[in-house]
2 protein chains.
Amino acid sequence: MTKIGDRRRTIYDVAKAAGVSISTASNALNDTGRTNAETRERVKRIAEEIGFRPNALARGLLTKRSHAVGMLTNDTYGRLTLPITAGVSEVLIDHGVSVFLCATNNNPRLAKLHLDALLDRQVDGIIFTATRLDLKPPVELSKLPIPVVYVFAEGPADSVTFFPDDEQGARLAVNHLKALGRSRILHITGPEDYLAVRLRARAYRECCPSGADVMFGEWSEEWGHEAVERVFVGSGEKPDAIFCGSDEIARGVIDALRDMNISIPTEVAVVGFDNWEVVARQTRPPLTTIDMELKELGHQAGLAILGLSKGEQIATGITRLPCSLVVRQSSGGH
Amino acid sequence: MTKIGDRRRTIYDVAKAAGVSISTASNALNDTGRTNAETRERVKRIAEEIGFRPNALARGLLTKRSHAVGMLTNDTYGRLTLPITAGVSEVLIDHGVSVFLCATNNNPRLAKLHLDALLDRQVDGIIFTATRLDLKPPVELSKLPIPVVYVFAEGPADSVTFFPDDEQGARLAVNHLKALGRSRILHITGPEDYLAVRLRARAYRECCPSGADVMFGEWSEEWGHEAVERVFVGSGEKPDAIFCGSDEIARGVIDALRDMNISIPTEVAVVGFDNWEVVARQTRPPLTTIDMELKELGHQAGLAILGLSKGEQIATGITRLPCSLVVRQSSGGH
DNA sequence: TTGCGTTGATAAAAGCTTTTAGCAGAAAAA
DNA sequence: TTTTTCTGCTAAAAGCTTTTATCAACGCAA
């Protein structure tokens, strides 16, 4: 009477149950080597029956591919990180690859700790994400023996980097407003030292060659509010549309316009940037805005790291992925 | 002339460089077995010098402990998940344990996929988090051969579960208002079918035995707005304080009060629940609210899974961790 | 001298998988 | 018939670490 413990089944158990050798079992399960079709099916069936699943540690030890990647982020709050990570994970899980999430809190010591742990685990690659665009990676990632992909962060010149296409997004917003017949479009946005801010402002200016007006400020509702007050108190021609650099700014803008009894979108149409649902859905009226397609960004980063880890050639440099327009009531579009 | 590749150093390299056997090297590095103090130091120094770091896969394969845990969540958006995960990771990294993040999107197939991947990787334990309190785990976690800890989710009766202490948090809010001299406190909150809502309402009622008034509704700004209008249009005595079930509701409440030219906090003090910074910091005035200490929740869950994976006894059942009060201007406190 | 306990080190096994090289038998070619 | 080619399978090695059992040397007691 054989005692069957509750330990995991190994390929040895499969081989024994199927009456073949371990190597035949392995070959059959992985469709490698030369195996009789009948034997192969039988082995697979038995493996299924006894609930065999290969030990990823043993496999990784041998093949030098752990089928895991690390995600290194400095973003605690997670407004960007989690959707991106979800996108990465979503596309990788189908390839049997799992994701380690490491929050560095902008702490170099912690970043080093996480990085070492990832390397010890033989991860197949690392995806680095930063919230602040102008922030450099906290540790030296460029000399690593494994591929690195940057998302929302600048890597060295020959690295693989993904960003949303800020200019295209801005054009999307402005052209939407123009298509609705608006002609005096104002741009209220964040601090000029952000690259994304400059890119969006440039695209905006190119779309509105006559009378472009950009107001740089902060990433806050407060600033949106203040900017609107500043514009609408004086005399002179008023804008009939406002393109905001973020949904938070847009929220301040909308609140200020409501305070002044200026109707949205009839008198002034408003478009935001981010499609941060918790903000964009709750403004009154709900906010038309630009979605940066964070999940898709994650998908692409995941596919890139997957390809790189297999040794494929991936185009280096910055890839900018298209944004999309989400129309709600604040622009009066449809 | 020996060719030195750029492959990782193994313990074999250490042993060779130190002129000892592999087992001696291992014993010296791990302070196990019998080793001469001098030899031990020398081996450690050399390991450091040549940059040896043990291969986590090989170690895990042998010791059956991968020093990794899985985090299974159904929360895509991440308002709760990311802070909790950061807390888990923060406490575990010091013990050399890394965290796999798996977003299930409420999709049972995906959950199964992630779970199997985690088991294949021999994770030492799993932390399950759900956003909706009344949501059951999407897969059968109770029969797993590894420990499971639940956060913000209900596990089976004898499981280890962590929640914020909703009642204590509610008392904190109400007592804060009472200490400020408010006597007619209204509670505007979310749907009654949430356990957290019922717990908070109960604690509120116990603190305000005379004239407790609870308005159940939705988790939205809209609802906060509507509730305030409903209360303040009629005649009769008006509340001098409002305790809201979430920061979003509080935001609606504050906006509505401002629309009615009711001053905050002079006429009506407002307290929220969540300390969701992006909301609580941006209301005018900024919102006094209850912080659920999500990071600490993560810390505790991490420590619990760590202990369980080592075979320690951990108290089962639901542990409720204290919330804290964050005072801003909307309550007029200090 | 023999026997014993201690110390410091080592060889070898174990953990589970994939892969390489090789082997026996049968079919095909010479 | 003999030689070659296929086919299907297997033994063994490799991957890197920890742990168990063993061993040599030495001092000390019998």
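Residue numbers begin at 1 in each chain, while the letters A, B, ... track the order of the sequences.
B:F163 carries B:R320 over the face of its six-membered ring, with the cationic atom under 6.0 Å from the centre and within 45° of the normal.
Rounded to whole Å, the distance from CG on A:N30 to P on C:dT19 is 7 Å. In this structure, the OH atom of B:Y12 is 15 Å from the C1' atom of C:dA12, given to the nearest Å. Residue A:I22 contributes atom CD1, which lies 12 Å from atom P of D:dA12 at whole-angstrom precision. Distance, B:D31 CG to D:dT19 P: 13 Å, rounded to whole Å.
Within the 4.5 Å cutoff, the side chain of B:I93 has heavy atoms near those of the A:H114 side chain. The shortest distance between side-chain heavy atoms of A:P164 and A:E293 does not fall below 4.5 Å. Side-chain contact between B:F162 and B:H299 is absent, with no heavy atoms from C-beta onward closer than 4.5 Å.
Residues B:E154 and B:T161 bring no donor and acceptor atom of their side chains to less than 3.5 Å of each other. Side-chain polar atoms of B:R65 and B:S309 form a donor-acceptor pair below 3.5 angstrom.
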Could you pull out the protein-nucleic contacts involving nucleotides 14-16 of chain C (nitrogen or oxygen on both sides, under 3.5 Å)?
{"residue": "C:dC16", "atom": "OP1", "partner": "B:K64", "partner atom": "NZ", "Å": "2.9"}

Next on the checklist: A:T129 vs A:T81, test: side chain to side chain donor-acceptor pair (under 3.5 Å). Steps then yes/no.
Outcome noted: CA-CA 7 Å; A:T129 312; A:T81 294; 5.7 Å; no
Checklist outcome for this item: Protein heavy-atom contacts under 4.0 Å, written 5' to 3' over nucleotides 4-9 of chain D as B (base), S (sugar-phosphate only) or - (none), form the string ---BBB
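Around the CD atom of B:E312, the shell of radius 6.0 Å holds more than 12 heavy atoms that belong to other residues, nucleotides or ligands.
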